[in-house]
Amino acid sequence: MAKILVVADIKNDALKDSTTELLSKAGSIGAETAVVAIGSNIEALISGLVNAGSDTQYVADDPALAIFSAGPYASCVADAAKQFEADQIWFSFSESGKAAAPRVAVQLEAACATEITDVAISGEHVEVTRPAIANKVMQRVRINAGQMVVVVRAGAFEAAEGITGTENVVTLSPPAVDVKAVVKELISDASGEIDLADADIVISVGRGVKDQTGVDLVKELAHDLKAGFGSSRAMVDGGFMAHNKQVGQTGKIVAPSLYMAIGISGAIQHLAGMNGSKVILAVNKDPEAPIFNVADYGIVGDLFEVVPILRAEIKKIRA
Amino acid sequence: MKILTTVKKVVDVELTIRVQAGAIVEDGLQYVINAWDENAVEAAVQLKENNNAETTLVSIGGGDNTDMIRKCYAMGIEKGIHVEDPALEKADSPVFARVLKKVFEKGDYDLVITGKQAQDTDSGQTGIMLAEYLGLPCVSNVIDIQVLDDQHIKVSRLGDAGTEIIELELPAVVTVTDSINEPRLPQMRGIMMAKKKPIDVMDLSALGISIDDADGAAAPTSEIVEFMASKTREAGQKFEGDAAQITAQVVSLLVDEANVL
Ligand SMILES: Cc1cc2nc3c(=O)[nH]c(=O)nc-3n(C[C@H](O)[C@H](O)[C@H](O)COP(=O)(O)OP(=O)(O)OC[C@H]3O[C@@H](n4cnc5c(N)ncnc54)[C@H](O)[C@@H]3O)c2cc1C
C-alpha cells in the first residue's frame with residue numbers, strides 16, 4: 001500500500017478545502033494517508049485535519065513558523081515524510097507549495113512534478129498527468145524514483161462525501177530558522193475579501209474596464225454575488241488591481257462553477273488560469289475576441305452598458 | 001557582484017501546438033527565449049547598470065542558441081555559456097539543476113537569477129533545486145531586487161499571504177516573475193556589437209559530468225511517456241444585438257441551463 005503524505009494548505013489560520021480534496025484522492029487510490037500541518041497556533045485545526053481524511057497528523061506548531069519561509073517549511077515536510085516513510089508527498093497548489101516542493105524533492109532525492117492533475121500507479125511505476133506549454137498540451141510522466149513529490153493543480157481532485165480519519169497526532173520539532181534568507185516583513189493582502197481559490201463564482205476585469213470607475217462597476221456585481229473578484233494582468237500592471245487578484249499563468253489558477261470575464265481579451269496566459277472553470281461567461285465588445293472561443297456564454301457588447309443590466313437581471317431572479 | 005542568469009529556448013506558446021501519436025508535431029513550431037528568463041536577463045542588466053554587476057548567462061540544451069544568446073547580449077549581458085550535449089535530450093529539472101551547479105562552481109558567482117518557470121514545461125523547479133543542491137538561500141516568485149551591500153540583497157516575493165520582504169545573504173538564487181520588469185528591446189548598436197561577442201560552448205564532460213554513471217548528474221528521475229492534446233473547450237453560444245435583451249437571455253440560461261446562478 002502506497003503511503004501518501006499531504007501537506008495541509010493553511011491560509012489565514014484556516015484549513016483550505018484543497019487539503020480534503022488531496023486526502024480524498026489519496027484515499028481513493030488505496031493509500032495510507034498522513035497530513036503535515038505547519039504554522040503557529042494551529043492546535044485548533046487538528047480536528048479539521050482528522051476530518052479531512054487523514055490517519056496520522058504531523059504537526060509543526062511554532063511561533064517561528066507564523067510567516068512562511070520556504071527553508072524551514074520544507075524541512076518540516078521532509079521531516080514528516082521521513083517519519084511516515086512516505087512514498088509520495090503531495091502539496092496543494094499554492095505559492096508555498098511551489099516554493100517548497102523542489103526543495104523537499106532534493107532533500108529526499110525524490111522525483112518532482114508540479115501542476116499535476118492526476119496520479120496513477122501502473123505496475124511498478126507511478127505516472128502523473130500534467131498540463132504544459134500554457135495548458136496547450138498534457139503530458140503523461142513516468143516517475144523513475146522510489147519517492148515522488150508533487151504539487152497538485154487547483155481543482156484537480158474532488159472531496160469525497162463522508163470522508164473520515166483517525167486522530168494520531170505526532171508533534172514535529174521546530175526547524176532551524178533560515179539565517180541566510182530572513183523574512184523581514186509581510187505586507188498582508190487585504191483581508192476580509194473572498195479568496196479567489198475558494199470562490200464558487202469568480203468575476204474578473206480586464207483592460208476593457210479602463211479605470212477605477214470601471215473596476216468599481218464590476219466590483220458591485222461581484223459583491224452582489226459574493227463572488228471572488230479577479231483580474232487580468234493588464235489591470236494589475238495598470239495599478240488598479242492587487243497582484244494577488246491576477247488570474248492566469250503567473251497568478252492564481254481558479255476553477256469555479258462560474259467565471260465571468262469582463263473586458264478581457266483571452267490571452268493564452270490568462271486562459272491558462274481559468275479554462276478549468278465549469279461555466280465561462282464573457283462580456284466583450286469585440287466579437288472576434290479569443291475569449292469567446294472558450295466561453296460557454298458570450299455577450300458581445302459594451303461592458304459599461306451590459307454590466308448594470310446583468311446586475312439588475314440577477315437581482316430580479318434572486319429576489 | 002557576479003551574476004549568472006539562466007536562459008532557456010522554448011517553443012513559442014502563442015502559436016498552435018499540435019499533438020500526434022503521443023508527440024508534439026515539430027512542423028510549424030518556432031522557438032523563442034523563455035519569457036520569464038527575459039525578465040531574469042533584464043533584472044541582471046539593471047543590476048549591471050545600477051550596481052556595477054558583471055553579467056553572464058548560461059543556456060542548457062536547445063541546439064543552436066546563437067540568436068537567443070545574441071539577443072541577450074544586445075540587451076546588455078556580457079558573457080554567454082552554452083552547455084550542449086546529446087545526453088541532455090531527456091533532461092528533467094533535477095538534471096538541469098545539477099548541470100547548473102557545475103557551471104556555478106566554475107564561475108564564483110554571487111547571485112543566480114532564473115525565470116520562475118520555463119514556458120515549455122511550466123515546472124518551476126530548476127532554480128529552486130539549484131539552490132538546494134548548492135546549499136544556498138533561495139527565494140522564488142520575486143518581483144523586486146535591491147542590493148544592500150556586497151553580501152546582501154533584499155527581495156520582494158509574491159506569496160500566499162501577501163508580499164514577503166526577504167533579506168538574502170549572498171551567494172543566493174532568486175527566481176523572478178514577469179511583474180519584476182518590462183524587458184527592454186535591443187537597440188541597433190547593441191545588436192551590432194552582439195554579433196562580435198563569442199559564446200562559450202561546452203559539453204558535459206567539459207563540466208566534469210560523467211554521462212555513463214546512471215546515478216550521475218545526467219540521469220533524469222522522470223520521463224515524459226507521451227504528450228496528449230489538452231481538452232479544448234468548445235465555443236458556446238454568442239449573443240449579439242440589443243444589450244438588454246441578450247443580457248436577460250444569458251442570465252436566464254445561467255439559471256436554467258447551466259444551473260450556476
Ligand atoms: C510570461 C507572461 C505571463 C503572463 N501571465 C499572465 C497572467 O497570469 N494573467 C493574465 O491575465 N495575463 C498574463 N499575461 C499577459 C497576457 O498576455 C495579456 O497581455 C493580458 O492577459 C491582457 O489583458 P486583458 O485581456 O485585460 O487586456 P487586452 O488584451 O487589452 O484586452 C482588453 C479587452 O477588452 C475589450 N474591451 C475594451 N473595451 C471594452 C468595452 N467597453 N466593453 C467590452 N469589452 C471591451 C477589448 O475588446 C479587448 O478584448 C502574461 C504574459 C506573459 C508574456
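Below, chains carry the letters A, B, ... as their sequence lines are ordered, and counting in each starts from 1.
The two atoms that bring A181(A) and I166(B) nearest to each other are C-CG2, 3.9 Å, heavy atoms only. For the residue pair V306(A) and A243(B), the shortest heavy atom distance occurs at CG2-CB, 4.3 Å. For the pair F292(A) and A235(B), the tightest heavy-atom approach, listed with the atom from each and the gap, is O-CB, 3.5 Å.
Within the 4.5 angstrom heavy-atom criterion, no atom of E109(A) approaches chain B. With a 4.5 angstrom heavy-atom cutoff, N275(A) touches chain B via backbone and side-chain atoms both. Of the atoms belonging to E182(B), not a single heavy atom falls under 4.5 Å from chain A. Contact of L271(A) with chain B is not made at all, since no heavy-atom distance falls under 4.5 Å. Both the backbone and the side chain of A99(A) come within contact range of chain B, with heavy atoms under 4.5 Å apart. If you measure heavy-atom distances from S69(A) to chain B, you find no contacts under 4.5 Å at all. Contact annotation for E185(A): both backbone and side-chain heavy atoms come within less than 4.5 Å of a heavy atom of chain B. Within the 4.5 angstrom heavy-atom criterion, no atom of I153(B) approaches chain A. Interface remark: K136(A) contributes backbone and side-chain atoms alike to the contact with chain B (heavy atom separation under 4.5 Å). For a residue to count as touching a neighbouring chain, one of its non-hydrogen atoms must lie under 4.5 Å from one of that chain's; by this rule R157(B) touches chain A with the side chain only. The parts of K278(A) that come within reach of chain B are both its backbone and its side chain, each placing non-hydrogen atoms under 4.5 angstrom from that chain. Both the backbone and the side chain of I143(A) come within less than 4.5 Å of a heavy atom of chain B. The contact between E115(A) and chain B is made entirely by side chain atoms (from C-beta outward), counting heavy-atom distances below 4.5 Å. Looking at P308(A), there are no atoms closer than 4.5 Å to chain B (heavy atoms on both sides), in backbone or side chain. Heavy-atom distances place the side chain of V250(B), and not its backbone, under 4.5 Å from chain A. Proximity to chain B is limited to the side chain of A105(A), based on heavy atoms less than 4.5 angstrom apart. Heavy-atom distances place the side chain of I143(B), and not its backbone, under 4.5 Å from chain A. I67(A) does not touch chain B: none of its heavy atoms, backbone or side chain, sits under 4.5 Å away.
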Requested in this report: Take E95(A) and L158(B), measure what side-chain contact (heavy atoms from CB on, under 4.5 Å) needs, and give me the verdict at the end.
Outcome: CA-CA 8 Å; E95(A) 290 308 331; L158(B) 289 182; 5.6 Å; no
Query - Stepwise side-chain contact (heavy atoms from CB on, under 4.5 Å) check, L261(B) with L225(A) - result: CA-CA 9 Å; L261(B) 271 185; L225(A) 286 169; 3.7 Å; yes
Report task. For the pair T250(A) and K116(B), evaluate side-chain contact (heavy atoms from CB on, under 4.5 Å) and give the outcome as yes or no after the intermediate values. Result -> CA-CA 9 Å; T250(A) 322; K116(B) 71 158 197 154; 4.0 Å; yes
Query raised in the report: Going through the checks in order, is the side-chain contact (heavy atoms from CB on, under 4.5 Å) test met by T221(B) and M148(A)?
Result: CA-CA 9 Å; T221(B) 47; M148(A) 140 178 121; over 6 Å; no
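Taking the side chain as every heavy atom from C-beta outward, I24(B) and I133(A) approach each other to under 4.5 Å. For the pair V283(A)/T247(B), no side-chain contact is recorded, criterion being any heavy-atom separation below 4.5 Å from C-beta on. Contact check for E132(B) versus V104(A): no side-chain heavy atoms found under the 4.5 Å cut-off. Using a 4.5 Å heavy-atom threshold, the side chains of I201(A) and V260(B) count as separate. Looking only at side-chain heavy atoms (C-beta outward), K316(A) and V251(B) stay at 4.5 Å or farther from each other. Within the 4.5 Å cutoff, the side chain of Q269(A) has no heavy atoms near those of the D178(B) side chain. By the 4.5 Å heavy-atom criterion applied to side chains, S179(B) and H243(A) are counted as neighbours. D160(B) places none of its side-chain heavy atoms less than 4.5 Å from the side chain of F68(A).
Heavy-atom pairs under 4.5 Å with chain A peak, among L168(B), T177(B), I17(B), V225(B), at V225(B). With chain B as partner, the option from V128(A), D195(A), L186(A), I314(A) having the largest number of non-hydrogen pairs under 4.5 angstrom is L186(A). If you tally non-hydrogen atom pairs under 4.5 Å between each of D237(A), V126(A), V183(A) and chain B, the highest count goes to V183(A). Considering only heavy-atom pairs separated by less than 4.5 Å from chain A, the leading option among A35(B), S123(B), S252(B) is S123(B). For the options E313(A), K180(A), H125(A), heavy-atom pairs under 4.5 Å to chain B are most numerous at K180(A). Contact count versus chain B (heavy atoms, under 4.5 Å) is highest, among G301(A), S257(A), S96(A), A145(A), for S96(A). If you tally non-hydrogen atom pairs under 4.5 Å between each of G22(B), G159(B), A161(B) and chain A, the highest count goes to A161(B). Heavy-atom pairs under 4.5 Å with chain B peak, among L310(A), V236(A), D200(A), at L310(A). For chain A, the option among G124(B), A248(B), S140(B) with the highest count of heavy-atom pairs below 4.5 Å is A248(B). Counting heavy-atom pairs closer than 4.5 Å to chain A, the top residue among T16(B), L254(B), V19(B) is L254(B). In terms of heavy-atom pairs under 4.5 angstrom with chain B, the leader among I299(A), V151(A), D178(A) is I299(A). Your options are D92(B), N259(B), T232(B), L253(B), and the one with the most heavy-atom pairs under 4.5 Å with chain A is L253(B).
Residue pairs meeting the side-chain hydrogen bond (donor to acceptor under 3.5 Å, both in side chains) criterion with at least one member in residues 285-295 of chain A: none, sequence neighbours excluded. Within the structure, side-chain hydrogen bond (donor to acceptor under 3.5 Å, both in side chains) pairs that include any residue of residues 233-246 of chain B comprise D296(A)-R233(B), Q237(B)-E257(B) (at least two apart or interchain).
Checked by atom type and distance alone, the side chain of R130(A) pairs as donor or acceptor with a backbone atom of D122(B) at under 3.5 Å. In terms of modelled atom types and a separation under 3.5 Å, the side chain of S230(B) and the main chain of N135(A) share a donor-acceptor contact. A donor-acceptor pair is defined here as one N or O able to donate and one able to accept, closer than 3.5 Å; such a pair exists between the side chain of Q125(B) and the backbone of C112(A).
Between atom CG of residue N144(A) and atom NZ of residue K90(B) there is a gap of 11.0 Å, rounded to the nearest 0.5 Å. With rounding to the nearest 0.5 angstrom, the CZ atom of R142(A) is 5.5 Å from the CD atom of E223(B). The CD atom of Q139(A) lies 11.0 Å from the CD atom of E226(B); values are rounded to the nearest 0.5 Å.
Shown here is D27(B), whose CG atom has no more than 12 heavy atoms of other residues, nucleotides or ligands within 6.0 Å.
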